[in-house]
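Worksheet for the structure shown next.
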2 protein chains.
Amino acid sequence: MTIDCKNEQYEMGGKQFPCSTSITMEFIGGKYKTVILFHLRNAALRYNELRKFMPVVTERTLSLQLKQLEQDGLLKRTVYTTKPPLKVEYELTDFGKTLLPMLMVIAEWGRDVAAQKASVVKV
Amino acid sequence: MTIDCKNEQYEMGGKQFPCSTSITMEFIGGKYKTVILFHLRNAALRYNELRKFMPVVTERTLSLQLKQLEQDGLLKRTVYTTKPPLKVEYELTDFGKTLLPMLMVIAEWGRDVAAQKASVVKV
DNA sequence: CGGTATCCTCGAAGATACTG
DNA sequence: CAGTATCTTCGAGGATACCG
């Protein structure tokens, strides 16, 4: 049961992490979180604009993932009108922007793999 | 239902991906996959050596994640003895090694965040 | 427009025990 | 030593409908 631990263990918010990489994954590990963050890389976007970028994701799921990203301090939600039609924009916070170099590397690796193993369906 | 798609959509293995980042996450998105890959960054390791690095993970889960990583071509499993005690080593394949630069960035971001938000439990 | 509410499915991960 | 077998739990994500 008790096993020697040869390296760091972290604790954050009551959870245990066996490696600093798992800390990172706690933030970006949601199925579509990297997609959202990546599309916000150089512009604020509205809810429906994000939807158009990821049509396979349901409204509910997108909504939940946005909420988590907001709670984690990675993005900021701003409401621009108080009466319908609402305009809500999402954008990266300064903390969220620290993810950008990593997101670029993640996107590039995926592109390379896609070039060999996947097919581009729409452009 | 049909929404215009403003960017690439990928298909791989019968699944749809809305972004190249989600292709990457398909490979490394498992809860402990990055941890395994990171610890294999410069050395082959045996099953129990990997366990010691990640004591919070159950045997079953470790076993499953290793199997998936092997199926995805990211790591290679080698059995060195045919009779007990068995010696089995896991190491990165050439394809798996293409992940290393990204893993380093992921680990570094996690370390930076941990320095601010987490506490190191054991060393 | 930008979401919630409700209900449901399904797979990831855990607990525990056992094996070649 | 390096797993597998079973059973269970838990939560992410999906489907659909509705709301301010």
Side-chain angles (χ1 to χ4, degrees), chain A residues 1-4 13-18 22 25-36 40 44-72 75-91, chain B residues 1-4 13-18 22 25-36 40 44-72 75-91:
Chain A
M1 186 58 81
T2 53
I3 297 173
D4 303 20
K15 293 183 184 176
Q16 295 293 126
F17 298 89
S22 55
M25 296 310 283
E26 180 77 359
F27 284 90
I28 66 165
K31 195 167 178 182
Y32 300 109
K33 285 187 178 176
T34 56
V35 181
I36 294 170
L40 293 174
L45 291 177
R46 301 179 62 175
Y47 181 80
N48 267 345
E49 292 175 317
L50 283 168
R51 280 197 69 200
K52 288 173 190 166
F53 276 120
M54 34 207 295
V56 307
V57 184
T58 62
E59 296 178 8
R60 192 189 98 99
T61 298
L62 176 57
S63 188
L64 287 174
Q65 303 247 317
L66 285 168
K67 212 172 285 178
Q68 284 174 237
L69 290 167
E70 191 188 357
Q71 279 175 12
D72 287 341
L75 51 82
K76 197 177 89 180
R77 178 179 182 274
T78 311
V79 183
Y80 283 103
T81 48
T82 53
K83 295 178 185 178
L86 287 183
K87 179 179 176 183
V88 180
E89 276 194 347
Y90 294 92
E91 63 187 320
Chain B
M1 185 57 83
T2 52
I3 297 173
D4 303 23
K15 293 183 185 174
Q16 295 294 124
F17 299 89
S22 54
M25 296 308 283
E26 179 78 359
F27 284 91
I28 66 165
K31 195 167 176 181
Y32 300 108
K33 285 186 179 176
T34 56
V35 181
I36 295 170
L40 293 173
L45 290 177
R46 301 177 64 174
Y47 180 79
N48 267 345
E49 292 176 317
L50 283 168
R51 282 197 67 201
K52 288 171 192 168
F53 277 120
M54 32 207 297
V56 307
V57 185
T58 61
E59 297 179 5
R60 194 190 97 98
T61 299
L62 177 57
S63 188
L64 287 173
Q65 303 246 319
L66 285 168
K67 212 173 285 178
Q68 281 173 241
L69 289 167
E70 190 189 355
Q71 279 175 12
D72 287 341
L75 52 83
K76 196 178 88 179
R77 180 180 182 273
T78 312
V79 183
Y80 283 104
T81 48
T82 52
K83 296 178 184 179
L86 286 183
K87 180 178 174 180
V88 180
E89 277 194 347
Y90 294 91
E91 62 187 321

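So that the names make sense, note that chain A is the first sequence line, chain B the second, and so on, each numbered from 1.
Rounded to an integer number of Å, the gap from A/E49 CD to C/dC1 P is 11 Å. As rounded to whole Å, 5 Å separates atom P of D/dA2 from atom CG of B/N48. Rounded to an integer number of Å, the gap from B/L45 CG to D/dC1 P is 15 Å. Distance A/M54 CE to C/dG2 P: 15 Å, rounded to the nearest Å. One interatomic measurement links the two molecules: CD1 of B/I36 to P of C/dA12, which rounds to 14 Å at whole-angstrom precision. Rounded to a whole Å, the NZ atom of B/K87 is 13 Å from the P atom of D/dC1. Across the protein-nucleic acid pair, A/L86 atom CG and C/dC1 atom P stand 11 Å apart, rounded to whole Å. Atom C1' of nucleotide D/dG13 and atom CD of B/Q16 are separated by 17 Å, given to the nearest angstrom.
For the residue pair A/T81 and A/L86, the shortest heavy atom distance occurs at O-CD2, 3.0 Å. Nearest heavy atoms, A/F27 versus A/K33: O-CD, 3.2 Å.
For residues 55-72 of chain A, the set of pairs meeting the side chain to side chain donor-acceptor pair (under 3.5 Å) definition, not counting sequence neighbours, comprises A/R51-A/E59, A/T58-A/T61.
Residues A/T78 and A/E91 meet the side-chain proximity criterion, which asks for heavy atoms closer than 4.5 Å. The closest side-chain heavy-atom distance from A/R46 to A/K87 is below 4.5 Å. Side-chain contact between B/V57 and B/V35 is absent, with no heavy-atom pair separated by less than 4.5 Å. In this structure, A/V88 and A/Y47 have side chains that are not in contact, with every pair of non-hydrogen atoms separated by 4.5 Å or more. Contact annotation: the side chain of A/M25 approaches that of B/M25 to within less than 4.5 Å [non-hydrogen atoms, C-beta and beyond].
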Pull out every protein N or O sitting under 3.5 Å from an N or O of nucleotides 3-10 of chain C, one pair per line with the distance.
from: C/dG3; atom 1: OP1; to: A/R77; atom 2: NE; distance (Å): 3.2
from: C/dG3; atom 1: OP1; to: A/R77; atom 2: NH2; distance (Å): 2.6
from: C/dG3; atom 1: OP1; to: A/Y90; atom 2: OH; distance (Å): 3.4
from: C/dG3; atom 1: OP2; to: A/Y90; atom 2: OH; distance (Å): 2.8
from: C/dG3; atom 1: N7; to: A/E59; atom 2: OE1; distance (Å): 3.1
from: C/dG3; atom 1: O6; to: A/E59; atom 2: OE1; distance (Å): 3.1
from: C/dT4; atom 1: OP1; to: A/K67; atom 2: NZ; distance (Å): 3.1
from: C/dT4; atom 1: OP2; to: A/S63; atom 2: OG; distance (Å): 2.9

What do the steps show when you test B/I36 against B/L62 for side-chain contact (heavy atoms from CB on, under 4.5 Å), and what is the final call? CA-CA 9 Å; B/I36 295 170; B/L62 177 57; 3.8 Å; yes

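Judged by closest nucleotide on DNA chain C, A/P85 is the one of A/P85 and B/Q68 placed further toward the 5' end.
Between A/T58 and D/dG14 there is a side-chain polar atom (N or O) within less than 4.0 angstrom of OP1 or OP2.
DNA chain D is contacted by no residue of residues 26-35 of chain B, taking any non-hydrogen atom closer than 4.0 Å.
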